Student: 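First, the structure itself, so that you have it in front of you.
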Amino acid sequence: MQTTELDPTLSDALNKARQPGLTLVIGNKNISSWSMRPWVAAVAFNIPFTEVRLLLDQPDTATNIANYSQAGRVPVLLAGEMTVWDSLAICEYLAEQFPDKHLWPQDVAARAMARSISAEMHAGFTALRNDMSMNIQASLPGRGRTPGAQADIGRICEIWEECLARYGHHEYLFGDFSIADAFYAPVVTRFKTYGVALAPALQAYCDRVLAHPAVARWVREAMLETDPTPLHDADLPRT
């Protein structure tokens, strides 16, 4: 039997992070859309956690992330001896651990739809991600409007319209704020960055999301960041 010893650096980082309670490892708030999703969900539902922020686009980024997860990406949730390293899996874990907080809609049909649209966001909209990358600090109206990105925008608008009409009652996608809204919050910031014109009802939804205390706090802290992100900035769409 072959025995593999943990790298001392990895062991030390994990030991420090594995304190009682939850630790959420995230990237820069200005550009890390995947980190934003579970962070916003946890803050919105008053789930306490310790935040560890790692700088992305740095020479030591991969090494620093590997201190917490060999998957090589953020976010990562540390819960005792357990590691959860995917944004949707983290939100599902939180929903299971805090059932009384109702992170998903309580209605069966609404919950199924909320999970479906969150999974669609999790797996799809590649053109939007590539052509209109998240940058909360930037103002880039009109940029990145490739045919693929426009198609993704259209599909997102369809999703929002259907959810708001069937379940939202002019509030969030399923009435009360849920994981589904947290999953689309980075899209809301993208639409603001790139000046996407929306129908009045959808713009009103975006305004409500941006005004939500958890989202507003993330955006506020993102605006205060001064960390360089050279690889990300080099990929910003150009006109």
Side-chain angles (χ1 to χ4, degrees), residues 26-41 54-58 61-62 65 71-75 85-88 90-91 116-164 173 179-210 212 215-216 218-219 221-223 225-239:
I26 63 172
N28 309 54
K29 289 179 178 174
N30 185 46
I31 64 173
S32 186
S33 59
W34 290 111
S35 298
M36 183 180 185
R37 294 178 169 100
W39 188 99
V40 163
L54 304 179
L55 299 185
L56 305 180
D57 289 359
Q58 304 300 312
T61 295
I65 293 175
R73 296 180 183 276
V74 290
W85 61 88
D86 172 86
S87 59
L88 186 53
I90 292 170
C91 287
S116 295
I117 68 167
S118 297
E120 185 173 353
M121 169 52 64
H122 188 265
F125 305 114
T126 304
L128 182 73
R129 301 184 202 284
N130 292 338
D131 301 328
M132 300 171 67
S133 58
M134 180 165 156
N135 190 324
I136 292 174
Q137 295 179 358
S139 178
L140 305 165
R143 297 194 187 186
R145 303 301 177 80
T146 63
Q150 285 292 155
D152 285 349
I153 291 169
R155 173 56 186 154
I156 289 167
C157 289
E158 289 177 354
I159 290 171
W160 289 356
E161 287 171 349
E162 182 175 5
C163 291
L164 290 168
L173 293 177
I179 289 172
D181 298 289
F183 255 71
Y184 281 85
V187 173
V188 171
T189 71
R190 278 181 166 94
F191 284 2
K192 182 178 180 181
T193 295
Y194 294 91
V196 176
L198 299 169
L202 299 187
Q203 184 58 56
Y205 167 70
C206 288
D207 293 342
R208 288 193 294 274
V209 170
L210 289 171
H212 188 282
V215 177
W218 177 280
V219 170
E221 293 176 6
M223 293 298 292
E225 289 183 343
T226 58
D227 313 299
T229 53
L231 297 178
H232 174 84
D233 293 345
D235 290 337
L236 283 176
R238 309 298 178 186
T239 55

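All values below come from the heavy atoms of this structure, side chains included, with hydrogens, waters and symmetry mates left out. Keep in mind that this is a model prediction, so the values were computed, not measured.
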Student: Could you give me the CA-CA distance, side-chain angles and deciding distance for Leu210 and Thr189, then say whether side-chain contact (heavy atoms from CB on, under 4.5 Å) is met?
Tutor: CA-CA 8 Å; Leu210 289 171; Thr189 71; 4.3 Å; yes
Student: Supply the atom-to-atom distance Lys29 NZ to Gln137 CD, rounded to the nearest 0.5 angstrom.
Tutor: 12.5 Å
Student: Closest approach of Ser32 and Val74, non-hydrogen atoms and distance?
Tutor: OG-CG2, 4.1 Å
Student: Closest approach of Gly148 and Ala127, non-hydrogen atoms and distance?
Tutor: C-CB, 3.3 Å
Student: State, yes or no, whether a side-chain contact exists between Leu198 and Tyr205 at a heavy-atom distance under 4.5 Å.
Tutor: no
Student: Looking at CD1 of Ile136 and CE of Met36, how far apart are the two atoms once the value is rounded to the nearest 0.5 Å?
Tutor: 5.0 Å
Student: Are any of the side-chain heavy atoms of Asp57 and Asn28 separated by less than 4.5 Å?
Tutor: no
Student: Please answer whether the main-chain N or O of Arg145 pairs with a side-chain N or O of Asp131 as donor and acceptor at a distance below 3.5 Å.
Tutor: no
Student: Do Phe191 and Trp160 make the cut of ring centroids closer than 6.0 angstrom?
Tutor: yes
Student: Asp86 vs His122, test: side chain to side chain donor-acceptor pair (under 3.5 Å). Steps then yes/no.
Tutor: CA-CA 10 Å; Asp86 172 86; His122 188 265; 2.9 Å; yes
Student: Quick one: does Asp152's side chain have a donor or acceptor within less than 3.5 Å of a partner on Leu128's backbone?
Tutor: yes
Student: Would Thr193 and Asn135 satisfy side chain to side chain donor-acceptor pair (under 3.5 Å), going step by step from the backbone distance to the final call?
Tutor: CA-CA 7 Å; Thr193 295; Asn135 190 324; over 6 Å; no
Student: Going from CD1 on Ile31 to OG on Ser133, what distance comes out if it is rounded to the nearest 0.5 angstrom?
Tutor: 8.5 Å
Student: side-chain contact (heavy atoms from CB on, under 4.5 Å) between Leu54 and Thr61: does it pass, once the steps are laid out?
Tutor: CA-CA 7 Å; Leu54 304 179; Thr61 295; 6.0 Å; no
Student: From Asp207 CG over to Leu202 CG, what is the distance, rounded to the nearest 0.5 angstrom?
Tutor: 11.0 Å
Student: Evaluate the ring planes of Tyr184 and Phe125, with Trp represented by its six-membered ring, and classify them as parallel (under 30°), tilted (30 to 60°) or perpendicular (over 60°).
Tutor: perpendicular
Student: I want to check something: taking the side chain as every heavy atom from C-beta on, are Ile153 and Met132 in contact at a cut-off of under 4.5 Å?
Tutor: yes
Student: Give a yes or no on whether Trp34 atom CH2 has more than 12 heavy-atom contacts from other residues, nucleotides or ligands under 6.0 Å away.
Tutor: yes
Student: Tell me whether Arg37 forms a cation-pi arrangement with Phe183, defined as NZ or CZ under 6.0 Å from the six-membered ring centre and within 45 degrees of its axis.
Tutor: yes
Student: Quick check: are there more than 12 heavy atoms from other residues, nucleotides or ligands sitting under 6.0 Å from CZ of Arg208?
Tutor: yes
Student: Would you give the length of the straight line joining atom OG of Ser33 to atom CZ of Arg129, rounded to the nearest 0.5 angstrom?
Tutor: 6.5 Å
Student: Rounded to the nearest 0.5 Å, what's the gap from CG on Asn30 to OG on Ser35? Could you check?
Tutor: 12.0 Å
Student: Indicate yes or no: at least one non-hydrogen side-chain atom of Pro147 is less than 4.5 angstrom from one of Gln150.
Tutor: no
Student: Closest heavy-atom contact between Leu88 and Ser118?
Tutor: CD1-CB, 4.4 Å
